[in-house]
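Inspection log for the structure reproduced underneath, given as structure tokens.
Keep in mind that this is a model prediction, so the values were computed, not measured.
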Amino acid sequence: MSFDPNDPALRRRRPRPQLARRDVLRGGLWLAVGVGAAPLLAACGNDQTSETANSSAPYQLARPDKPVTLAIKDSNPPIANGLSPEEGGTFNILNYADYMAPGIMKDFGKEHNVSVQVTPYNNYDEMLAKIRQPGESFDLVFPGPSVLSKMVFADLLQPLNHSYVPHLKNVWPEYQNPWYDQGARYTAPYTIYGTGVMYRADRVKSVPEMGYDLIWDKQYAGKVYVLDDRQEAIAMSLLRNHISDDINTSNPDDVKRATDSLIELIGLVNVKTDINAYSEVPEGTATVHQCWSGDVIAGQYYLPKKETPEVLGYWRPDDTDYVVGSDNIAIPKSAKKPVLAHMLINDLLDNKIGLRNFGWNGYQPPLTKLSAKYLTDQGYIPQNLANSVVVRSDFDKGHTFYEVSPSTEALWQTNWARFKAGA
């Protein structure tokens with residue numbers, strides 16, 4: 001298959017400013033899914049070392065070296081083979097705002113005679129609250145690996161029937177059988193990303209070897225941002241300060257030291273927190289911004305008129321310090337149109353539609369056909385930002401956020417609240 005990079009359908013038009021794609025406070029999930037708070041609080045502070053798949057949680061905590069096969073209950077089976085797609089009414093998607101190309105949703109709705117509606121959320125707390133709201137029904141949702149087992153445990157998702165998703169073969173082999181969901185029983189991959197620093201190259205004349213030092217540089221005071229995401233911000237501080245290379249650590253001393261370093265930024269550079277690097281750096285509001293790689297790729301569409309992508313820069317850590325992750329697509333148990341949900345998942349794993357979606361939101365789908373070389377050669381990513389492309393080996397060498405026990409979740413959230421209280 002070949003693609004025409006000049007096809008307007010594959011190019012993202014300059015969008016309006018987006019709402020937050022991810023946000024702070026990914027904790028609190030235990031209360032949201034109905035698991036009692038008492039076990040969480042009782043366990044808080046008891047985990048002193050890195051967690052394993054046998055840590056205190058009512059389900060297994062998946063790790064690449066200890067993959068998990070999520071259970072399929074008799075009370076929650078996959079849909080049957082060969083069902084006709086549902087017609088009419090509304091197809092409800094629960095998703096981060098502006099995370100799927102509107103044209104794809106419009107075409108899907110037209111093809112299947114449904115009205116596609118997106119209910120946005122900014123963080124997993126909001127997502128879980130919405131998906132559990134009595135009387136609500138959603139046909140698709142986008143959980144990451146760090147919340148997946150919780151949702152399956154709480155019967156919030158239904159298993160996939162792979163007979164409706166033949167395009168799953170198009171994704172990287174490791175996502176056809178991911179460590180967090182062996183056999184892809186509940187999820188298909190949606191996007192991948194890495195975490196680094198986006199900056200205005202016309203203002204930042206020298207980038208240190210440890211690019212995160214830019215965030216602690218007083219000359220950029222007032223225009224420095226970190227991600228409004230406790231995992232990403234604390235993990236950055238753990239790595240930058242050589243406190244620990246375990247970004248899922250349950251060691252309270254390490255988490256405190258990393259948070260204390262973030263707190264220093266308040267007086268040092270008047271640090272701000274949000275997740276809008278894709279617009280704030282191109283538009284000049286921010287000079288230095290911790291960001292996800294997809295924001296760098298999307299940032300070219302937010303530049304003021306007459307400015308070119310050369311004014312943007314992206315520093316990514318060395319392979320062994322790179323934080324990488326993925327988002328998934330899943331079908332809620334409450335879905336009223338599960339056949340159509342499978343069909344849209346299959347569409348998004350189609351090479352051409354996946355490319356079209358990437359051309360709009362800037363976040364790579366892990367489709368084998370859409371290699372890093374292809375995306376750069378075809379002009380989707382400017383040459384000076386080519387290091388923002390995530391490749392398969394990044395996941396072999398880099399760091400990934402895992403699902404953690406209630407006590408570790410509480411530890412990180414408590415420290416993040418200390419930082420946010422000052423920032």
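- In this structure, CG in Asp202 is found 6.0 Å from NZ in Lys205, a value given to the nearest 0.5 Å.
- Side-chain atoms of Tyr99 and Thr191, non-hydrogen and from C-beta on, do get closer than 4.5 Å to each other.
- Side-chain contact between Trp412 and Thr259: absent, with no pair of heavy atoms (C-beta onward) separated by less than 4.5 Å.
- With Lys337 contributing its side chain and Gly88 its backbone, the two residues share a donor-acceptor pair below 3.5 Å.
- The closest side-chain heavy-atom distance from Leu160 to Ile331 is below 4.5 Å.
- Below 30°, between 30° and 60°, or above 60°: for His342 and Tyr164 the angle between ring planes is between 30° and 60°, a tilted geometry.
- Put simply, the side chain of Gln364 gets close to the backbone of Val390: a donor and an acceptor are under 3.5 Å apart.
- In this structure, Tyr380 and Phe358 have tilted ring planes: the angle between them lies in the 30° to 60° band.
- In this structure a side-chain-to-backbone donor-acceptor pair under 3.5 Å is missing from Asn76 to Ile72.
- If you check the side chains of Gln117 and Thr90, you find no donor sitting under 3.5 Å from an acceptor.
- A tilted orientation is assigned to the rings of Tyr96 and Tyr121, their planes being inclined by 30° to 60°.
- Counting heavy-atom neighbours within 6.0 Å of Lys373 NZ, excluding the residue itself, gives a total of 12 or less.
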Evaluate the criterion side chain to side chain contact (heavy atoms under 4.5 Å, CB included) for residue pair Met236 and Thr195; output intermediate values, then yes/no. CA-CA 9 Å; Met236 172 191 68; Thr195 308; over 6 Å; no
Any chance you could lay out the side chain to side chain contact (heavy atoms under 4.5 Å, CB included) test for Leu344 and Ile329, step after step, and finish with the verdict? CA-CA 10 Å; Leu344 183 51; Ile329 324 173; over 6 Å; no
Given Val152 and Tyr59, is the side chain to side chain contact (heavy atoms under 4.5 Å, CB included) satisfied, shown in steps? CA-CA 10 Å; Val152 172; Tyr59 46 78; over 6 Å; no
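- For Ser326 (side chain) and Ile192 (main-chain N/O), no donor-acceptor pair under 3.5 Å exists by modelled atom type.
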I'd like to know whether Leu312 forms a side chain to side chain contact (heavy atoms under 4.5 Å, CB included) with Val296, so could you lay out the CA-CA distance, the side-chain angles of the two residues, the decisive distance to 0.1 Å, and finally the verdict. CA-CA 8 Å; Leu312 302 178; Val296 180; 6.0 Å; no
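- Between the side chain of Asp394 and the backbone N or O of Val391, at least one donor-acceptor pair lies under 3.5 Å.
- Relative orientation of the Trp292 and Tyr193 rings is perpendicular, given thresholds of 30° and 60° on the angle between their planes.
- Residues Leu239 and Val323 meet the side-chain proximity criterion, which asks for heavy atoms closer than 4.5 Å.
- In this structure, a donor-acceptor pair under 3.5 Å is absent between the side chains of Tyr363 and Asp327.
- Taking Pro77 as the reference, nothing meets the side chain to side chain contact (heavy atoms under 4.5 Å, CB included) condition, with sequence neighbours excluded.
- With contacts defined as side-chain heavy-atom distances shorter than 4.5 Å, the pair Met151/Leu128 qualifies.
- Looking at heavy atoms from C-beta onward, Phe395 lies out of side-chain contact with Pro64 at the 4.5 angstrom threshold.
- Below 30°, between 30° and 60°, or above 60°: for Phe108 and His112 the angle between ring planes is between 30° and 60°, a tilted geometry.
- The side-chain heavy atoms of Leu61 and Ser149, taken from C-beta on, include no pair separated by under 4.5 Å.
- Of the possible donor and acceptor atoms, one in the side chain of Asp139 sits under 3.5 Å from a partner among the backbone N and O of Asn92.
- Looking at Lys272 and Glu280, no side-chain N of the basic residue comes within less than 4.0 Å of a carboxylate O on the acidic one, giving no salt bridge.
- Salt bridge annotation for Lys397-Asp318: absent, with no cationic side-chain nitrogen under 4.0 angstrom from a carboxylate oxygen.
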After noting the C-alpha distance and the side-chain angles of Glu310 and Thr308, does the key distance pass the side-chain hydrogen bond (donor to acceptor under 3.5 Å, both in side chains) rule? CA-CA 5 Å; Glu310 284 71 28; Thr308 62; 2.6 Å; yes
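- Side-chain contact of Asn357 with Tyr190: a donor-acceptor pair under 3.5 Å is present, judged by distance alone.
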Pair Tyr180, Thr187 - check side-chain hydrogen bond (donor to acceptor under 3.5 Å, both in side chains), show working. CA-CA 10 Å; Tyr180 52 81; Thr187 63; 4.8 Å; no
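- When atom types are taken as modelled, the side chain of Asn177 and the backbone of Gly183 share a donor-acceptor pair closer than 3.5 angstrom.
- Between Lys150 and Glu403, at least one side-chain N (NZ, or NE/NH1/NH2) sits under 4.0 Å from a carboxylate O, which counts as a salt bridge.
- Judged by a 6.0 Å distance limit and a 45° cone about the ring axis, Arg316 is positioned over the six-membered ring of Tyr322.
- Under the 4.5 Å side-chain criterion, counting only non-hydrogen atoms from C-beta, Phe401 is in contact with Ile247.
- Donor-acceptor pairing under 3.5 Å is recorded for the side chains of Ser163 and Asn161.
- Ring geometry, Tyr225 versus His289: the interplanar angle falls under 30°, so the pair is classed parallel (tilted spans 30 to 60°).
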